[in-house]
**Q** 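Got a structure for you, written out below as structure tokens; questions coming shortly.
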Amino acid sequence: MKQQAAKNIAIIGSGLVGSLLAIYLKRKGHQITVFDRRPDIRTVEFSGRSINLAMSNRGWQALREVGLEDEIKKIAIPLYQRAMHVNDTPVYYQKYGKEGEAIWSISRGILNRKMIDLAEENGVEFRFNEKVWDVNLPEAKIYTGETEKGEWKEYAYDHIFGCDGAFSRVRHKMQRRSRFDYSQDFIDVGYKELTIAPNEDGSHKLDKNSFHIWPRGKFMLIAMPNLDGSFTCTLFLPFEGDVSFETLTTEQEAKDFFKEYFPNVRKEIEDLTKDFFKNPTSAMVTMKCFPWTYWDKVALVGDSAHAIVPFYGQGMNAGFEDIYELHQLIEANGDDWEQIFKQYEKKRKPNADAIAELSYRNFIEMSSKTANPMFLLQKKIEKKFAAEHPDKWTPVYSRVTFSNRPYAEALELGDAQERIMQHVMQLPNIEEEWESEKVTDTILRLIAAADLA
Ligand code: FAD
């Protein structure tokens, strides 16, 4: 571990990534100021029922490193399985991983408040309601103020970290430079949050240790538990088309929609029709860019460097993993910030691209493939084989969620598994013989040939 000289560092953004990075850097002895254009989230009233996130291995690893895992687990609920609510079928459960493996439901707002508290306890200074309008990259200066055209304050730092989310201002400044790659792709599905209130005694209305899914082909509803007994539901629905946000414009249309597609949960959703029109419909985007750093002065971390669609539950986890790996590079390189930044972007970029790809594929899988019988058969064969030969077949989901191996490796091995399954699905009479030894033997043979385990 190399020593570092204390530096004066600005972090733009007090979201989950900015506040955790602040804790890491403060503990290395640096002077840290965090700027956020929003008010202090601890002073903003919310019910604690807004967006829920699933925290998994990569997130926990980053928290463990600074001794925060146990503290944060107190405000999270473990989910060991998916609860599938398919119309006309009783609810059925699918375990996520091996015994005891879970993803954890946590409220983004509650977690963010806690992280800011912890950062402050460590001596981090927060400047809320202070928006960064411009950045001087080579001189590591930032400019804040009330309005874009008004008067600005100038601050000079040794380093700046842009943790200002998918529509980052810091990145925006980097984008204007030559040879800066940037792409942004919105999907045609939006989301809206709704709530299932607790029972009168404060208990949960559905199993609280499950991630609830109501898949309906091109759209779906999910629900994750909160500590107060409620669930936050998210409705994912196309913006346009036959069944879409565009076609649900009156309370009656919204009521009819829920009656038709979600009859069993409809009555549980609090103020359904009121919330449906009160709560915003939000968009989802994949954003990729490169480079992520400017000299030894500026670095992007979290969503500002890589925003992904939420269908793998990995956005925050990936951002926390950025911090964990950045920290390892700091330990290895000491004061050589140029090396730290260079190695950081080189190491993280392929993994950010891989989780972006996996997340997008999951979206496609959920929205168009789950109705395809051959796809469902393939999943059944994979599941059976994985149960019989756990040492030979780790599902991609487990590689992403319950492991700390690189995302790029999960993508690569997942593709190799897919090639094997494409072969298997071509076997004659696969629909009838999918449980036969012949199928198992074929998979074993193809695994050996591909040198895959
Ligand atoms: P943000 O949370 O966007 O924070 C950026 C901060 O910067 C904000 O506080 C903002 O006010 C501030 N800011 C912006 N511009 C400026 C400026 N110019 N000056 C000053 N401050 C500024 N991830 C998971 O791991 N698991 C999940 O299950 C999961 N589910 C999700 C579900 C949905 C519906 C969505 C949308 C996302 C989900 N994510 C999930 C992703 C996760 O929410 C994000 O990856 C994570 O919150 C990103 O954190 P961040 O700190 O990088 O950015």
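Only heavy atoms go into these numbers, but all of them, side chains included; no hydrogens, no water, no symmetry mates. Each ligand, and each atom within it, is numbered from 1 in the order the structure gives.
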**Q** Taking 4.0 Å as the limit for heavy-atom contacts, which would you say applies to Pro310 with ligand 1: side chain only, backbone only, both, or neither?
**A**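 Looking at Pro310 and ligand 1, just side chain atoms fall under 4.0 Å.
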**Q** Can you sort out which atoms of ligand 1 are near Leu16, meaning under 4.0 Å from one of its heavy atoms?
**A**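 Per the distance check, 51 (O).
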**Q** Walk me through it: do Asp353 and Lys349 pass the test salt bridge (Lys or Arg N to Asp or Glu O under 4.0 Å)?
**A** CA-CA 6 Å; Asp353 286 349; Lys349 171 68 174 163; 3.1 Å; yes
**Q** Quick one: does ligand 1 sit under 4.0 Å from the side chain of Phe167, the backbone, both or neither, non-hydrogen atoms only?
**A**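 Within the 4.0 Å criterion, Phe167 makes no contact with ligand 1.
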**Q** Should Arg38 be counted as touching ligand 1, given the test is an N or O pair under 3.5 Å?
**A**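 Yes, there is a polar N/O contact under 3.5 Å.
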**Q** For Ile12, take its heavy atoms, then give the atoms of ligand 1 lying under 4.0 Å from any of them.
**A**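 In order of numbering, the contacting atoms are 19 (N), 20 (C).
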**Q** Taking atom CD as the centre, does Glu146 end up with more than 12 heavy-atom neighbours from other residues, nucleotides or ligands that are less than 6.0 angstrom away?
**A**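 Result for CD/Glu146: open.
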**Q** Less than 4.5 Å apart, side chain to side chain, heavy atoms only: is that true for His85 and Val265?
**A**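 Not in contact.
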**Q** What protein heavy atom sits nearest atom 2 (O) of ligand 1, and how far off is it?
**A**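 Atom 2 (O) of ligand 1 sits closest to the protein heavy atom Gly15 CA, 4.3 Å.
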**Q** Select the closest option to atom 44 (C) of ligand 1 among Ile308, Asp303, Val285, judged by heavy-atom distance.
**A**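 It is Asp303 whose heavy atom sits nearest to atom 44 (C) of ligand 1.
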**Q** Distance under 4.0 Å to a non-hydrogen atom of Gly313: what atoms of ligand 1 satisfy this?
**A**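 Selected atoms, number and element: 24 (C), 25 (O), 26 (N), 27 (C), 28 (O).
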**Q** Do the charged groups of Asp415 and Arg361 touch, with an N to O distance under 4.0 Å?
**A**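 Counted as a salt bridge, because a side-chain N and a carboxylate O are separated by less than 4.0 Å.
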**Q** Could you check if a side-chain atom of Asp207 sits within less than 4.5 angstrom of a side-chain atom of His212, using non-hydrogen atoms only?
**A**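 In short, these two side chains touch, coming nearer than 4.5 Å.
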**Q** Quick check: Thr234 and ligand 1, any N/O pair under 3.5 Å apart?
**A**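 Thr234 vs ligand 1: no N/O contact under 3.5 Å.
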**Q** Could you check whether Arg348 pairs with Asp322 (Lys NZ or Arg NE/NH1/NH2 to Asp/Glu carboxylate O, under 4.0 Å)?
**A**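 The answer is yes: the pair qualifies as a salt bridge.
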**Q** Taking both backbone and side-chain atoms of Ala166, is any N or O found less than 3.5 Å from an N or O belonging to ligand 1?
**A**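 The answer is no, given that Ala166 and ligand 1 share no N or O pair closer than 3.5 Å.
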**Q** Is any side-chain heavy atom of Phe236 closer than 4.5 Å to a side-chain heavy atom of Phe363?
**A**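 No, side chains not in contact.
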**Q** If you measure from atom 47 (O) of ligand 1 to every heavy atom of Met316, Arg108, Met55, which option wins on shortest distance?
**A**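 Result: the heavy atom closest to atom 47 (O) of ligand 1 is in Arg108.
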**Q** Considering non-hydrogen atoms of the protein only, which is the closest contact for atom 18 (N) of ligand 1, and what is the distance?
**A**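 Nearest protein contact, heavy atoms only, for atom 18 (N) of ligand 1 is Val132 O, 2.9 Å.
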**Q** Give the residue, atom name and distance (to 0.1 Å) of the protein heavy atom nearest atom 36 (C) of ligand 1.
**A**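 Going by distance alone, atom 36 (C) of ligand 1 is nearest to Tyr191 OH, 3.3 Å.
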**Q** Flag yes if more than 12 heavy atoms outside Lys173 fall under 6.0 Å of its NZ atom; otherwise flag no.
**A**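 For Lys173, atom NZ is crowded (more than 12 foreign heavy atoms under 6.0 Å).
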**Q** Give a yes or no on this: more than 12 heavy atoms of other residues, nucleotides or ligands lie within 6.0 Å of atom CZ of Arg266.
**A**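 Above 12, so yes.
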**Q** Indicate yes or no: does Lys114 engage Asp117 in a salt bridge with an N to O separation below 4.0 Å.
**A**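 Between Asp117 and Lys114 there is no salt bridge, as every charged N stays at least 4.0 Å from the carboxylate O atoms.
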**Q** Please determine whether the number of non-hydrogen atoms from other residues, nucleotides or ligands lying under 6.0 Å from atom OH of Tyr143 exceeds 12.
**A**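 Check passes, neighbour count above 12.
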**Q** Does any N or O atom in Gly315 lie less than 3.5 angstrom from one in ligand 1, N or O only?
**A**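 For ligand 1, there is an N or O atom that lies under 3.5 Å from one belonging to Gly315.
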**Q** Taking 4.0 angstrom as the limit, do Lys255 and Glu251 come out as a salt bridge?
**A**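 Glu251 and Lys255: not salt-bridged.
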**Q** Consider every N or O of Leu53 and every N or O of ligand 1, then say whether any pair is closer than 3.5 Å.
**A**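 For ligand 1, there is no N or O atom that lies under 3.5 Å from one belonging to Leu53.
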**Q** Non-hydrogen atoms of Asp36 versus ligand 1: any pair closer than 4.0 Å?
**A**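 Yes, Asp36 has heavy atoms under 4.0 Å from ligand 1.
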**Q** Check each atom of ligand 1 against the heavy atoms of Val17 and keep those under 4.0 Å away; list them by number with element.
**A**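 Atoms satisfying the 4.0 Å criterion: 49 (O), 50 (P), 51 (O), 52 (O).
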**Q** Short list, please: which atoms of ligand 1 are under 4.0 Å from a heavy atom of Gly13?
**A**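 Going through ligand 1 atom by atom, the ones under 4.0 Å from Gly13 are 6 (C), 7 (O), 12 (C).
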**Q** Give me the residue, atom name and distance of the protein heavy atom closest to atom 28 (O) of ligand 1.
**A**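 The answer is Ala54 N, 2.7 Å.
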**Q** Nearest protein heavy-atom contact for atom 21 (N) of ligand 1: which residue, which atom, what distance?
**A**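 For this ligand atom, the closest protein heavy atom is Arg37 N, 3.1 Å.
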**Q** Examine distances only and state if a side-chain atom of Glu345 and a backbone atom of Trp292 form a donor-acceptor pair shorter than 3.5 Å.
**A**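 Indeed, once roles are kept as given, a pair shorter than 3.5 Å links the two residues.
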**Q** Just need the protein heavy atom nearest to atom 53 (O) of ligand 1, so name the residue and atom and give the distance.
**A**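 Minimum-distance protein heavy atom for atom 53 (O) of ligand 1 reads Gly165 CA, 3.7 Å.
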**Q** Given 3.5 Å as the limit, does a donor-acceptor pair link the side chain of Asn317 with the main chain of Gly59, or not?
**A**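 Answer holds: yes.
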**Q** Tell me: protein heavy atom nearest atom 14 (C) of ligand 1, and distance?
**A**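 For atom 14 (C) of ligand 1, the nearest protein heavy atom comes out as Asp164 O, 3.4 Å.
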**Q** Does Cys163 have a non-hydrogen atom less than 4.0 Å from ligand 1?
**A**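 Right, Cys163 reaches ligand 1.
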